[in-house]
4 protein chains.
Amino acid sequence: MAQRRFRRRKDARPGEITAAAAALFAEKGYAATRVDDVARRAGVSKGLMYLYFRTKEELLKSVIRSFIEPRIEALRQRIEEPELSAEEFLRGPFLQFIRALPNSPVHVIVKLMVTEGPRHPELVAYYWNNVVSLGLDTLRRLLQRGVDNGEFRSSALQEFPHLMIAPVLFAVLYSSLFGKHEKLDTDRMFAEHVGILIESLKRDPRRGDTG
Amino acid sequence: MAQRRFRRRKDARPGEITAAAAALFAEKGYAATRVDDVARRAGVSKGLMYLYFRTKEELLKSVIRSFIEPRIEALRQRIEEPELSAEEFLRGPFLQFIRALPNSPVHVIVKLMVTEGPRHPELVAYYWNNVVSLGLDTLRRLLQRGVDNGEFRSSALQEFPHLMIAPVLFAVLYSSLFGKHEKLDTDRMFAEHVGILIESLKRDPRRGDTG
Amino acid sequence: MAQRRFRRRKDARPGEITAAAAALFAEKGYAATRVDDVARRAGVSKGLMYLYFRTKEELLKSVIRSFIEPRIEALRQRIEEPELSAEEFLRGPFLQFIRALPNSPVHVIVKLMVTEGPRHPELVAYYWNNVVSLGLDTLRRLLQRGVDNGEFRSSALQEFPHLMIAPVLFAVLYSSLFGKHEKLDTDRMFAEHVGILIESLKRDPRRGDTG
Amino acid sequence: MAQRRFRRRKDARPGEITAAAAALFAEKGYAATRVDDVARRAGVSKGLMYLYFRTKEELLKSVIRSFIEPRIEALRQRIEEPELSAEEFLRGPFLQFIRALPNSPVHVIVKLMVTEGPRHPELVAYYWNNVVSLGLDTLRRLLQRGVDNGEFRSSALQEFPHLMIAPVLFAVLYSSLFGKHEKLDTDRMFAEHVGILIESLKRDPRRGDTG
DNA sequence: TATGAATGAGATTTCATTCAT
DNA sequence: TATGAATGAAATCTCATTCAT
C-alpha cells in the first residue's frame, strides 16, 4: 500500500556510504572531507551514517578494508600458474596485472595509507599482513621457481622483490600528482621495466656484478 | 631569573617556525597539525605566527618551498661531472645521492605533496618545474652522454628515466610506513637497482627485447 | 525537568536570530557585538548561527534587509490617497507617519547604515533603491498633485523633498544620542515642521523669494 | 653634529596622530580601524602612539575633542552681529555657515558620535554642553531678537530651533552615504530652507496655523 | 530506520597592548 | 624618545557528533 518504490535495500547502504567516502577521501584527503559531504554524496542523511559507522574513523577503516578485502583473494589466486615458465609469467599475467593498477582505485588506498597510516598503526599492520608481505612472498616464490627451473640466475632481486613493484607505486602517485604536467605512458614504461628485470635475471652470471 | 621572553631575532624566526611546522606536518599531516602546536614547538606565541605567515596555508607553502629551494642548486650542480664515465657516475655520485635520500627529510615533502598537492595546483606546478622535470632532464642527459660515448646502448630508459628513481620514492614511503614491519636495507637495494640498470644499458643490443 | 534543548523550529529560527542581532547591533554597534552575544540572546548555540548565516556579515545584511523589506510595501501603499487634498494628506497621514518613526526601530537601521554603509556599498544601493528614492519620488508626486490642483505653488521643494524628511532623521538621531540631555517633543516639532512647509507651499507667489 | 634633519618637533606628534586617526575613524569606523593603521598613516611606530595615548579609547576621545575645541570659539563669536537685522543674518552669515558644513570634516564627528556615543556618555555630555546646547541657545537668541525687533512673529520655532539645523545633519549624512547615488546640491537646498524659514517667521500671524 | 536541526569543543585568526632594545 | 617583535585574550568560524522527532 505504501510508497516503497524508492526504498533501497538497506544492506546496500553501508557499501554506498563507503564508496562515497572513498571517492571523497581520495579527492580531498581524509581530514579535509566533511562527514556532511560524504552523506550528501551517498544520498543519505548525516544521522543515518552514524547508524552504520560510529565515528568518522570507523568510516576510514571501513574504506581501507573495502579496498583490501576483495583483493586478497585475487592476489592469492594469481600466485602460481604452473603451466607458464617464470619468464612467461612475468611478461604475461604479471605485466598485465601491474598495467591495470594505475587505472584502478589503488591510488585511493595508497594516498590514505600515506596520510593516515602513521596515526593508525593497526591499519598499517593489517595492510602489511594482508597485502604487502603476501605480495612480496609471491614474488619471491616466483623468482625461486625461475631459479629452480634454471631460467633465472640467483640474484639480489630475491631479497628485494620490492624493486619489481616500485615503478607501480611510482606511476600511481606520479600520475595522480603530475598528470596535468606529464602524461606518463605507464603501459610502455612497465613493459620496459619487465624487460629490464628479465634481462637482469637471465644474464650470464659470469659477467656483471652488483655494488 | 633568566628566561627572556623577547628574543628579538626577526631574521631567524620565520625559519624556525617553518622548521617546526615541517616536523609536525611530517609527523601528523597538515590538517591534523594545529597552529598552536607549531607555535609551541617553535617556542613562539600563536599570535607571532600570523605576523610571519598570514594563514596556515601560507605556512604550508613556506614549508614546501623551504624544502625545494635549497635543493635546486644542489641538483643543478650534480648534473655533469665530466671526468667520470656515465657508468662511473651512476655507480658513484648517483648511487651516493639516492642512498642519502631515505634518511633525509624528503619523506616530508613527498607526504605533503601527496596529501595537499591536489588542493594546491600551484605548489605542484612549482615542484614539477623546479624538481621533477629538472631531475628527469638531468638523467636523460646523462643517459645521452653514455650513448654518445658508446658506453650505453640506446634504450627506452631515455624515455622513462622515471624508472631510475622509482625505487627511491618507493623506499622513502615504504620505510616511513612499514619501517616497523620490515627494516629495508635501502643501501643494498639501491646498489642492486643501479646494477640492474647498468646491466640493461650495457647489454648486447642483438639480444634482449622489450614487451 | 522540562528544558527541551531541541526545539525544532527551523522556520522561526532565522527570524529570531535576526531580531536578536538587530537589538544588539542597535545597542552596541555591529563591531562591538559578538556572535556569541547574539546566540545567547537568541537562545541558541553559536554553531547554529553559522547554519543560518555563513558569516557575521551575512547576519548584518539579513538584519538590514529585515528592516527594509516589510516597510517597502507600507511605503508604496501610503502613496496616494486620492480622497484627500494634498494639504490634508500632509497634515493627516504624512504627519502621522513621521510621528511614528522616532518611536520605531528606524534608529537601528539609520545607525547601521551610517556605521557599516561605507564598507557595504551593495547594502547602501539596496537601501537607496528600495527606500530612499522610493520615498523621495512619492513626496515629489504628492507635491505635483498639489500644484496640479492649484493647492500649492510650484516651488524648489519639488527639487528638494529631502527637506520634508530631514527633521525626521534629525529627531531619530538626536533622541537616541541626547535623549538624556533633552527630551525632544517630536510630535509637536513635526507638527510645526508640517505647518511651515504648508505655509511655504501655499504662499502667494507674488511675495517671497528664495536666495 | 647628529642627524637631526628628519626629526620633527615632538609637539606636533600628538596632533598628527589625532589627524590620522580622525581620517581613518571617519573612513572605516572606530572599531574597524586598527591601531596599526593609525600608526602607519601617521608615519609613527605603534609603540610611540602608546606614549601619547594610553589606549585606543584615549585616542578616540582626543579625536572628538580635537574637532570640538577649535569650533567652540568660532561658534561663540558668530552669535551676535548687531549691525545686521535677524533676516539679514539668516540669509547672510547663517546660510554661509551651514553651507560650509557639508564640505567640512563635521561628518567625521557626526559619525563618531552616532556610533560611539552610546558607549561613551561623557563624550556625549561634553559634546552636548559645548556644541549642541550652545548652538541651540544662539539660534533662540537670534529668533528672540527678530521678535523683539518686530521682524519676526513669535512662533514655535523658538521652541524648536532644531528645525533650523536639521537639514544640515541630513545633508551631511546623506552626502556621505548616498553621494554615489545622488549628488545633492546642498547650497541651493540650504538657500531654499532658509527661504522657507523666513517666510514662516515673517508671515501674517492672522493667517496660517499649526496642527 | 531515517532525518537534519542543534550542539559544543576546538580550530583559526585578529588586534590592542607590552616591553626588550 | 622611539621601535616593532612579541604576546595573549578574545573574536570568528568549523565540524564531528547527538538527539528529538
Side-chain angles (χ1 to χ4, degrees), chain A residues 7-8 10 13 31-40 43-59, chain B residues 4-14 17 31-39 42-59, chain C residues 4-14 31-39 42-59, chain D residues 6-8 10 13 31-40 43-59:
Chain A
R7 213 179 307 161
R8 302 221 175 138
K10 59 181 180 226
R13 279 283 164 73
T33 298
R34 291 182 314 251
V35 173
D36 246 342
D37 295 339
V38 178
R40 196 160 21 254
V44 143
S45 79
K46 217 188 328 181
L48 188 54
M49 297 216 20
Y50 279 85
L51 223 62
Y52 293 113
F53 305 97
R54 289 216 323 279
T55 67
K56 195 186 175 189
E57 271 200 30
E58 283 298 317
L59 184 56
Chain B
R4 39 170 91 192
R5 286 198 306 178
F6 291 80
R7 271 180 289 169
R8 171 73 45 149
R9 40 180 182 183
K10 189 192 179 195
D11 319 352
R13 277 288 154 77
I17 294 171
T33 298
R34 282 159 303 160
V35 173
D36 236 354
D37 296 339
V38 178
V44 142
S45 76
K46 216 185 338 175
L48 188 59
M49 307 250 345
Y50 285 86
L51 212 69
Y52 293 113
F53 305 97
R54 288 210 316 278
T55 64
K56 194 186 173 189
E57 271 202 29
E58 282 298 316
L59 183 57
Chain C
R4 37 171 90 192
R5 288 196 307 178
F6 291 80
R7 273 180 287 170
R8 172 74 45 151
R9 42 179 181 185
K10 188 191 179 195
D11 319 353
R13 277 289 153 78
T33 298
R34 282 158 305 160
V35 173
D36 237 354
D37 296 339
V38 179
V44 143
S45 75
K46 214 186 339 175
L48 188 59
M49 307 253 340
Y50 285 88
L51 212 68
Y52 293 112
F53 306 97
R54 288 210 316 278
T55 65
K56 195 186 171 190
E57 271 201 29
E58 282 297 317
L59 182 57
Chain D
F6 293 103
R7 212 181 306 163
R8 302 220 178 139
K10 60 182 181 228
R13 279 284 163 73
T33 297
R34 290 183 314 251
V35 173
D36 247 343
D37 296 337
V38 178
R40 193 156 28 251
V44 143
S45 79
K46 218 187 331 180
L48 188 55
M49 296 216 19
Y50 279 85
L51 225 61
Y52 293 114
F53 306 96
R54 291 215 320 280
T55 67
K56 196 187 175 190
E57 270 201 29
E58 282 299 316
L59 184 55

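Because only heavy atoms are used, hydrogens play no part in the values below, and waters and symmetry mates are left out as well, while side chains stay in. Being a predicted model, the structure only gives us computed values, none of them experimental. Numbers restart at 1 for each chain; the letters A, B, ... are given by sequence-line order, proteins then strands.
Taking the salt bridge (charged side-chain N to carboxylate O under 4.0 Å, His left out) definition, one finds that C:K46 meets it with nothing, sequence neighbours left out. Every residue meeting the side chain to side chain contact (heavy atoms under 4.5 Å, CB included) condition with C:L48, not counting sequence neighbours, appears here in chain and number order: C:R13, C:V44, C:S45, C:L51, C:Y52. The side chain to side chain contact (heavy atoms under 4.5 Å, CB included) search around D:Y50 returns D:V35, not counting sequence neighbours. Residues satisfying the salt bridge (charged side-chain N to carboxylate O under 4.0 Å, His left out) test with D:R40, not counting sequence neighbours, are D:D37.
For E:dA2, the OP1/OP2 oxygens have a side-chain nitrogen or oxygen of A:Y52 closer than 4.0 Å.
When base pairs are accepted only as Watson-Crick or G-U wobble with both N-N or N-O distances under 3.5 Å, DNA chain E takes part in stems of 3 or more pairs at E:2-21 with F:2-21.
One interatomic measurement links the two molecules: CE of A:M49 to P of F:dT18, which rounds to 13 Å at whole-angstrom precision. As rounded to whole Å, 12 Å separates atom P of F:dT18 from atom CG of A:L51. When the P atom of F:dA2 is taken as reference, atom CZ of D:F53 falls 13 Å away, rounded to whole Å. When the C1' atom of E:dA16 is taken as reference, atom CG of D:L59 falls 12 Å away, rounded to whole Å.
The nearest pair of heavy atoms linking B:M49 to B:I17 is CE-CG2, 3.7 Å.
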Reading nucleotides 11-17 of chain F from 5' to 3' and marking B where a protein heavy atom lies under 4.0 Å of the base, S where only the sugar-phosphate is that close, and - otherwise, the string is SSBBBSB

